[in-house]
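So the structure is just underneath, and the comments pick up after that.
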Amino acid sequence: MTHHIDLDTLILLSGGHTTRDQGMCMLEAVAYVADEPHGDRPECVSPIIATFLRTWNDSLPTNDD
């Protein structure tokens, strides 16, 4: 089953999240769309690209910035 995310309303949060209800970082969103278990290390993403995306995602400004 493929999941869809409304990109107009998607808000990426820094750090990891125990559940999707707490929010999602970039790689947790990828895992969701790929129908993989929740987490920031989806098998469908190259480890090198995943490292870049974790760093990029965690450096994004928040609503508090």
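Taking every heavy atom of both residues into account, Asn57 and Leu12 meet most closely at OD1-CB, 3.5 Å. Closest approach of Leu10 and Met24 over heavy atoms only: CD1-CE, 4.5 Å. In terms of heavy-atom proximity, Leu13 sits nearest to Gly23 at CD1-CA, 3.6 Å. Shortest non-hydrogen contact noted between Ala34 and Cys44 is CB-SG, 3.7 Å. Residues His17 and His38 come closest through the heavy atom pair O-NE2, 2.6 Å.
Using a 4.5 Å cut-off on side-chain heavy atoms (C-beta onward), Val30 and Pro42 make contact.
With hydrogens and angles disregarded, no donor-acceptor distance shorter than 3.5 Å links the side chain of Glu28 to the backbone of Gly16.
To the nearest 0.5 Å, atom CG of residue Leu60 and atom CG of residue Asp58 are 8.0 Å apart. Atom SG of Cys25 and atom CH2 of Trp56 lie 10.5 Å apart (nearest 0.5 Å).
No single ILVMFWY cluster, assembled from side-chain heavy atoms under 4.5 Å apart, contains both Leu27 and Ile48.
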